[in-house]
Trainee: 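Pasting in a structure now, in structure tokens, and then I'll have a few things to ask.
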Amino acid sequence: MSELRTDCEDGTFKIRTCAWSPPGDHPVGCGMFLTVKDGKVVHVEGDASHPITNGRLCVRCLTLPEYIYHEDRILTPLYRDPADRGKDAWKPISWDEALDIIEERVNYIKANYGAEAIVAFQGTGREATLYKTPLAYAALGTPNSCFPMSGDSCYGPRASVADFLLGAGYPELDYAAYFPDRYDDPRYEVPKYIILWGKDPLFSNPDGFFGHSLIDLMKRGSKFITIDPRLTWLGTRADYHLQLRPGTDSALGLGLLNVIISEDLYDHEFVENWCFGFEELAERAAEYPLEKVEKITWVPKETIQAAARAFATSHPSSIMWGLAIDTSANGVQAGHCVLALAAITGNLDVPGGITLSKPASFMGKWRYECAQQLPPGMLEKQISDPRYKGFLAAHVIAHPDRILDTLETEEPYPLKMAWFYSSNLIANTAAAQPKRWFSALRRLEFNVCQDIFMTPTAMGLCDLFLPVSSFAEHDGIVLPHFGRNTHMVASMNKAVTVGDCRSDLEIDFLVGKRLNPKAWPWETISDFFTAQIEPQLGITFPQLQEMSLMQQKFEYRKYEKGLLRNDGEQGFNTPTGLVELKSSLYEDWGEDPLPYYEEPSYSFISRPEEADMYPLVFTMGGRVTTSFHSEHRQIPSLRAITPDAIVQIHPDTAAKYGIEEGDWVRIENSLGYAVEKAHLSPIVDPRVVHGTHGWWYPEQDGEEPNLYGVWQSSVNSLVPHAKNGKMGFGAPYKCVNCKIVKVESLQG
Amino acid sequence: MSDYALFIDYKYCTNCHVCEVTCRTEHNIPLDEWGIKVAEMGPVKLNGKWMWNYVPVPSDLCDFCADRRERGEDPTCVHHCLAQCIEVIPVDQITERMKLAGKTATVFIP
């Protein structure tokens, strides 16, 4: 392993670091050297000694200097009179002035409306994921910490289903990430089949999984089964590609279970010893014969049968489940099917199967303890929904759809202030019905954001802008999987200073020490990290910085060793101590304890009266390597590769509607519309179109009403508000109806 | 002719654009020129089977990263390629490596 800092003869030096954010990505912790010359990062080089990334880097890190030194970057706190929202009337101020404003406004709101009148929103994936809720609870004193995606449709549903049914942390493909020798470790086996379900990890690097590990495994012999409404590149290399109708995942899951159970291809030993409710699951799966499943999902029954047989008879095999599981009101049931498939085929926590984590979640303790910083009775004021007992059991955050209702109705109480924590929420990634969110948030008295660049959300809604530093400019910790099933803990090491920016955690410290100092006792960021990691890893943060990263110890078959339950007994940390193929919790929460299929609420079947008007299915969210959600639109090298928001349309469908390659297309349903540029491609079914999310146009006029063109490619405007599952999870982000029309321009 | 070649096993190329971008930053190549560029074939169904291949193609600007090689480092596209499908090999191994890789491989000799 190389040094943290290497001084070169020409006066330059290199800092070794592992990336999180900003710029955005999930916490993969890719290893690299940043070469610094005259105080500036001039070169980025992958660290070949990194056990996961081996020197590889994606285009977003390779272009880091363009991002760090971009002329549009905000380098000092900015203030604007709330009367001027939507106008470029920002004035630079100092951090002290910014903190004075925050203190005065927060105290005013607390005194007049209560701290619960403040709501803190976070974006997805970035370091904000760890540090926003502590800001809300332990600095601002509000219980209203919110991820503003309808039904919390990102990660939360899957993590919760895993909690309910397995009592274990986030299940992940075993890619030998815990082992220093990786795939060569004698304990490891290469998975024979990997199911990629609603997931294209090559460019999403989901939750900290290094996507191109799949290519490593392909080279070592793993075969693929892809389940995706689009034929992905990996799908063309898969033995089986199940191209389903968007939103029908649970029906497909029940069909696969039906084949494996009825043909007696399941792992009897595991089912008898470690599973609860198998008979009932078998009865439920029998209600989904393949003819019925084909009709629902559009996947030929022969393909379902062949894929189920190949998966069940090839051991070990693994499954990766993606965001598509979350982005459906029926997603809890789809996730249930995925975990049941993994369990009954004996692939849980075995080499080359699916790793499970220990019950403790890394740094989670601190995050949960922050809720105790709220005054007595305050958590009870959190905006939630008593109907959603499953959501309440799993989460300590506000329900996003109820927050919009509260913003619009002022019931049960008025909200007065918002804090946008690395969240450009109107920019077609998180919020469904973004114009409704925008109008409702515009009425608040005081709004703060912390981000890197001016965004439509900040320009339209905020009064105070706090500039965030990139990962090259601060010390920090990277926790793949956000602290659950975390194969390594790595350090981010500061290389340079740019402007007067702060990391998310440094902002927490500044605001926390000002508003609620007793909850922020650490002298420095380094002291804080040492306090977090020392009990578990036995090293201080400076020691971690010297080491770069530390892979954690891992044990297979923890359920046999008493390593999953808090009481040290064998089994799983569920009420029955077993994998709950039938949930022993769901009935109390008003939910069917077994998986079932429910038609998406905005499909041509659910809304037959709209079937002629909106005959196509709109799905979206497939990733490209050149951006992280709504980020990176202003980076020249990346924008040159991906200049436009693309809608993929089958050539036959395009011909039917008179659309040619490169035409502007208006995608529309009863709720809203978006304009994107047509790309004709056979990778989508003729009945489906796929749009891209997160588009706004930094090169356009930023002031109102244009707001950098954020309403032009507003794919999220086609997604309904509050169409969630029975437990409060999921929303149809990837499965609504639509029509397509050729238009003359992006403004069309 | 160089003693070494870029061996590209393109069945693994995912079109991550890393070779294009890292070559550009390494050699200060402007946005309208290319040191290496990824070509696309497909997606198209041929004889009942999907073909969707990407092939990195070096240009006349490729100097095989002479400076890096002098320092004992790999060319930057080789070092950073996410799929690790570009390698530096001695030219006398080309035939053997092509045989092993099957039909989805190509070489470039600077």
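Order of the sequence lines fixes the chain letters, A, B, ..., with proteins taken first and strands second; residue numbering starts at 1 for each chain.
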Trainee: When you measure from the centre of the six-membered ring of B:F7, is the NZ or CZ of B:R97 under 6.0 Å away and within 45° of the axis?
Mentor: yes
Trainee: Taking the basic N atoms (NZ, or NE/NH1/NH2) and the acidic carboxylate oxygens, is any pair closer than 4.0 Å for B:R68 and A:E45?
Mentor: yes
Trainee: Less than 4.0 Å between a side-chain N and a carboxylate O, is that true for A:R633 and A:E699?
Mentor: no
Trainee: Verify, without hydrogens or angle tests, whether B:T22 (side chain) and B:C19 (backbone) share a donor-acceptor contact under 3.5 angstrom.
Mentor: no
Trainee: Measuring heavy-atom distances to chain B, does A:S213 have an atom under 4.5 Å in its side chain, in its backbone, in both, or in neither?
Mentor: neither
Trainee: Measure distances from A:T232 to the heavy atoms of chain B and classify the residue's part below 4.5 Å as side chain, backbone, both or neither.
Mentor: backbone
Trainee: In terms of heavy-atom proximity below 4.5 Å to chain A, should B:D32 be classed as side chain, backbone, both, or neither?
Mentor: neither
Trainee: Sort A:P65 into side chain, backbone, both or neither according to what part of it lies under 4.5 angstrom from a heavy atom of chain B.
Mentor: neither
Trainee: Check whether the ring centres of A:F33 and A:H43 lie less than 6.0 Å apart, and answer yes or no.
Mentor: no
Trainee: What part of B:L82 gets closer than 4.5 Å to chain A, counting heavy atoms only: side chain, backbone, both or neither?
Mentor: both
Trainee: May I ask you to decide whether A:K40 forms a salt bridge with A:D38, counting only side-chain N to carboxylate O separations under 4.0 Å?
Mentor: no
Trainee: At a heavy-atom separation under 4.5 Å, does B:T25 approach chain A through its side chain, its backbone, both, or neither?
Mentor: side chain
Trainee: Main chain of A:I646, side chain of A:D644: is a donor-acceptor contact present, judged purely on distance under 3.5 Å?
Mentor: no
Trainee: For chain B, find which of A:T63, A:L231, A:I683 contributes the most heavy-atom pairs closer than 4.5 angstrom.
Mentor: A:L231
Trainee: Measure distances from A:I641 to the heavy atoms of chain B and classify the residue's part below 4.5 Å as side chain, backbone, both or neither.
Mentor: side chain
Trainee: Under a 4.5 Å cutoff for heavy-atom pairs, which residue among A:T236, A:T625, A:L57, A:V44 has the most contacts with chain B?
Mentor: A:L57
Trainee: With a 4.5 angstrom heavy-atom cut-off, could you sort out which part of B:E26 is near chain A: side chain, backbone, both or neither?
Mentor: side chain
Trainee: Please state whether the side chain, the backbone, both or neither of A:V624 comes within less than 4.5 Å of a heavy atom of chain B.
Mentor: neither
Trainee: Are more than 12 heavy atoms, taken from residues, nucleotides or ligands other than B:D60, located less than 6.0 Å from that residue's CG atom?
Mentor: no
Trainee: Which one of B:G42, B:A83, B:C85 has the most heavy-atom pairs closer than 4.5 Å to chain A?
Mentor: B:A83
Trainee: Please flag which part of B:C16 lies under 4.5 Å from any non-hydrogen atom of chain A: side chain, backbone, both or neither.
Mentor: both
Trainee: Is the NZ or CZ atom of A:R623 positioned over A:F628's six-membered ring, under 6.0 angstrom from the centre and within 45° of the axis?
Mentor: no
Trainee: Based on non-hydrogen pairs under 4.5 Å, which of B:K11, B:E20, B:M51 is most in contact with chain A?
Mentor: B:K11
